[in-house]
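A quick write-up on the structure given underneath.
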Amino acid sequence: MGFADQRFNVNLSILFTELPLLERPAAAAAAGFTAVELWWPWVDSPTPEQSELDALKKAIEDAGVQLTGLNFYAGQLPGPDRGALSIPGEESEKFRANIDVAADFAASLGCKALNALYGNRVEGVDPAEQDALALENLTLAARAADRVGAIILIEALNQPESPKCPIVSAPKAIEIVDKVNAATGLGNAKFLMDLYHLSMNGEDLPSVIEQYAAKTGHVQIADNPGRGAPGTGSLPLEELLDQLKKAGYDGWVGLEYKAGDRPSAESFEWLPREAR
């Protein structure tokens, strides 16, 4: 077992960001990877011009990499926002406008996983009102994902870095997953298990894997502390991924770490090229 037994993809919204967006898929391919994932690339626009969508699609296809994950519109990310779907008013409207755009773009590239980030609590707004809105929007997103043969992912973030986000534990994310599946009857809502975020929360990672591997649709990793590449911190990522595999998870593992003060291409020495 070990890293060589996993399927890794590169998150092009946190790695290779020293390059323009349209150059990143080819850079990932040059580093030996066959698959990539993305946060919603147009932070100011849930509905970019078709020419922009087409240019990114062409860059991914020309690089010969598979898009395996895509976020729905989530506001300013990276930045102050942690999603849009639970934010009343303009942000919720932007999320809804984005749903079919993101689903159709994913479908055009054979991408089967769409991540829906919940969003922060808003001062002066009843949390119950936000949660009701979130369930409405997640239901719409799950139906759109199902239309294109995809799953919808619910991600737990971490309390220290996202103090206004209510989805900051594995059990809370699983609660939302179950609510969405109950509302739609589709069963296509899954847990996005980000081992970095969960470790920042102080959660018992082996226990989380044991309890929730069966409901997990995607895994992301970074080491802790520092959110760097595996080996830069103290998380036993190799062992944890082995446990996940033994528990039945056979999906992609997204590399969502910071390269630090070096080019992203130099941050993969921990992973033998034949394992990329």
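Values below: every heavy atom of this structure, side chains too, minus hydrogens, waters and symmetry copies.
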Show your reasoning for whether side-chain hydrogen bond (donor to acceptor under 3.5 Å, both in side chains) applies to His218 and Glu155. CA-CA 9 Å; His218 186 46; Glu155 180 176 9; over 6 Å; no
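- To the nearest 0.5 Å, atoms SG (Cys165) and CG (Asp81) are separated by 11.5 Å.
- The minimum heavy-atom distance between Pro41 and Leu70, with the atom names listed, is CD-CD1, 4.5 Å.
- Side chains of Asn137 and Ser92: a donor on one and an acceptor on the other come within 3.5 Å.
- The minimum heavy-atom distance linking Ser86 with Pro88 is given by the pair O-CD, 3.4 Å.
- One finds the CG atom of Leu195 at 5.5 Å from the CD1 atom of Ile209 (value rounded to the nearest 0.5 Å).
- With a 4.5 Å cut-off on side-chain heavy atoms, Phe191 and Leu153 do not count as touching.
- Ser264 and Glu18 are linked by a side-chain donor-acceptor pair at a separation below 3.5 angstrom, with hydrogens and angles left out of the test.
- Side-chain atoms of Glu203 and Ser199 include no donor-acceptor pair closer than 3.5 Å.
- In this structure, Gln50 CD and Phe105 CZ are separated by 9.0 Å, a value rounded to the nearest 0.5 Å.
- A centroid separation of less than 6.0 Å is found between the aromatic rings of Phe95 and Phe72.
- Put simply, OH on Tyr196 and CG on Leu205 are 13.0 Å apart, with the number rounded to the nearest 0.5 Å.
- For the residue pair Tyr257/Gln220, the side-chain donor-acceptor check at 3.5 Å is not satisfied.
- Residue Glu269 places its CD atom among more than 12 non-hydrogen atoms of other residues, nucleotides or ligands, all under 6.0 Å distant.
- Judged purely by atom type and a 3.5 angstrom limit, Asp146 has no side-chain atom pairing as donor or acceptor with the backbone of Asn188.
- Between Phe3 and Trp270, the distance separating the two ring centers is shorter than 6.0 angstrom.
- Side-chain atoms of Glu256 and Trp39 form a donor-acceptor pair, as typed in the model, at a separation below 3.5 Å.
- The closest side-chain donor-acceptor pair between Asp44 and Tyr73, if any, does not fall under 3.5 angstrom.
- Tyr249 and Gln243 share no side-chain donor-acceptor pair at under 3.5 Å.
- Transitive grouping of hydrophobic side chains (ILVMFWY, heavy atoms separated by less than 4.5 Å) keeps Leu140 and Val148 in distinct clusters.
- No donor-acceptor contact under 3.5 angstrom links the side chains of Ser169 and Asn201, judged on distance only.
- For the pair Leu157 and Leu117, the minimum side-chain heavy-atom distance is below 4.5 Å.
- One distance of note links OG1 of Thr216 with CE of Met193; it measures 3.5 Å at 0.5 Å rounding.
- Contact of the Leu186 side chain with the Asn181 side chain is not registered, since no non-hydrogen atoms from C-beta on lie closer than 4.5 Å.
- Arg273 and Ala29 get closest at one heavy-atom pair: NH2-O, 4.5 Å.
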